[in-house]
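All remarks here apply to the structure that follows.
Here the structure is a predicted model, which is why all the values come from computation and not from measurement. We name chains A, B, ... by the order of the sequence lines, and we start the count at 1 in each one.
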Protein chains: 2
Amino acid sequence: MPHQKFIARLQAVEDLSEDERRQIAALPATLRQVADGEIVLRQGETASRCVFVVHGFLYQTRIVGDRSQILAFHVPGDMPCLHTLLVSPMDADLVGLGPTIVGAVAHSQLKQLLDGSVHLTRAFWRETLIDAAISRRWIARLGAQAALAKVAHLICELAARLELVGLLDDGCFQMPMTQRHVADACGLSIVHVNRTIQELRHRGLIAWEGSEIELLQPEELRRLADFAPDYLTGARRT
Amino acid sequence: MPHQKFIARLQAVEDLSEDERRQIAALPATLRQVADGEIVLRQGETASRCVFVVHGFLYQTRIVGDRSQILAFHVPGDMPCLHTLLVSPMDADLVGLGPTIVGAVAHSQLKQLLDGSVHLTRAFWRETLIDAAISRRWIARLGAQAALAKVAHLICELAARLELVGLLDDGCFQMPMTQRHVADACGLSIVHVNRTIQELRHRGLIAWEGSEIELLQPEELRRLADFAPDYLTGARRT
DNA sequence: CGTTTGGTTGAGGTCCATCAATCGCGGTGG
DNA sequence: CCACCGCGATTGATGGACCTCAACCAAACG
């Protein structure tokens, strides 16, 4: 059950046989509650287990100079530190966003599973490649877009990723993200993020109350953000 | 011989046996000359072969809105589109920087090699993970650093990566990068890049004439850029 | 209730973009 | 050989996007 979203995610990325799904579901995982702002894995730490999001959200943040930069958000089904299986130390803190439930699988278990299956190895590899593709979009976003487009793009991406795991309800999703998180993810100041969000609201593109974000005009928003969701699944060759 | 730098690169990332090195060297590769500015692989294109840099440089660039953003530079030994093996379409143009020689290996050949070796698969996977780690640093750089630090960081990274493949000569390296490339990589205007480089020169940190870049005070430069090269090899667990 | 946290607003300043012009250099063709 | 051209580097002036500081508000919470 806790692996459900994770399997769904992998499934969206690579076709899995029923047997393979069973093998993944059989991975021994320990569940754990993570509080808002709690650090699951610390920068520099060498993980011996892989974490996956069961419920809620995580993000990765890194101090650079005197400010902190968010490198990635993680939604249910994501395995944020899969790369620690092969490349050891974390290059950022992994932090809970709102009350969250994570599962953890021992590296040894995962290695054993992957060593036995070329196809599953490929699926997990693909998973890390999609993470990389997302990072590359973030580079484009941070390097070349104006504040309004940056924030719009972030919202579009989160909505699209949540949709993949069935957590988008009619353009609406729940995420306890504060304006500080948006600022740290977009490389903007809080004040300017605030004004930017107001502008998005004013244009009737989004609604955002508490932890509920709604895309009022998804099409318009995507155009503004120059967003296309293709990179999130790594469109397979047919 | 053309595979030499590529093997050196892999070797730096994961221990290879002599047999494995031989297997890689035996991969049938076609060499090709690439002119400055020539597009090797176009955004949206589905590659059927993986390219690696034998001599010279490549970079990946993507149009976003009305400007172009460079997502990555590639030095000899790099395999810029290894990810196309599993995730199909290119999300950016792959372009030659200066006169360059690239090799190309068919996906089918590569797949065959990897399917036969768990260890080599791991080595190549690691390779993509290091690319991802670099992307993440770029996010931090673009999101959280000022112009001076951005440019300094880029130079530090290039120098460190070239050092890994033996192309750094006493803090000196050859790279036919223009200020426009720096601007597109750092999300700055050309004019401002020009002034930033002047400032770096003025502080006695670098020298840059034509295509020769020299780190005059590497330690100072690294401090300014908040740079540490750890992420480039994915420091292995011991 | 006081305190904290996140959101909001205003004013002023700065970093960087944009526009425009110049300069040096290598290439090219007459 | 030299005028011409194009590209990259450089410089100055001006403007704008965004930052910083500071204050205030509302809701949540002990």
Check your understanding: Among all residues two or more places apart in sequence or in another chain, which pass the ring pair (Phe, Tyr, Trp, His ring centres under 6.0 Å) test with B:H153?
Key -> B:F227

**Study point:** B:Q69: partners by side-chain hydrogen bond (donor to acceptor under 3.5 Å, both in side chains), with sequence neighbours left out
**Key:** none

Practice item. Could you pull out all residues at least two apart from A:T30 that satisfy side-chain hydrogen bond (donor to acceptor under 3.5 Å, both in side chains)? Key: A:R49

Review point. Would a 4.5 Å heavy-atom cut-off, applied to side chains only, mark B:S68 and B:R62 as touching?
Key: no

Review point. Got more than 12 heavy atoms from elsewhere within 6.0 Å of CZ, B:R180?
Key: no

Exercise for review: Produce a footprint string for nucleotides 9-25 of chain D: one letter per nucleotide, 5' end first; B if the base is under 4.0 Å from any protein heavy atom, S if only the sugar-phosphate is, - if neither.
Suggested key: SBBBB----BSBB----

Exercise for review: Would you please classify the geometry between the A:H181 ring and the A:Y59 ring as parallel, tilted or perpendicular, with 30° and 60° separating the classes?
Suggested key: perpendicular

Revision key, fill the gap. Overall bend of the helix from C:dC1-D:dG30 to C:dG30-D:dC1 (five pairs an end, 10° steps) is 30°

**Study point:** Near-ring test A:H74/A:F52, centroid separation under 6.0 angstrom
**Key:** no

**Study point:** Nucleotide C:dG24, atom C1' - distance to CD of B:E209 in whole Å
**Key:** 14 Å

**Study point:** salt bridge (Lys or Arg N to Asp or Glu O under 4.0 Å): pairs with one or both residues in residues 191-203 of chain B, sequence neighbours excluded
**Key:** B:E199-B:R203

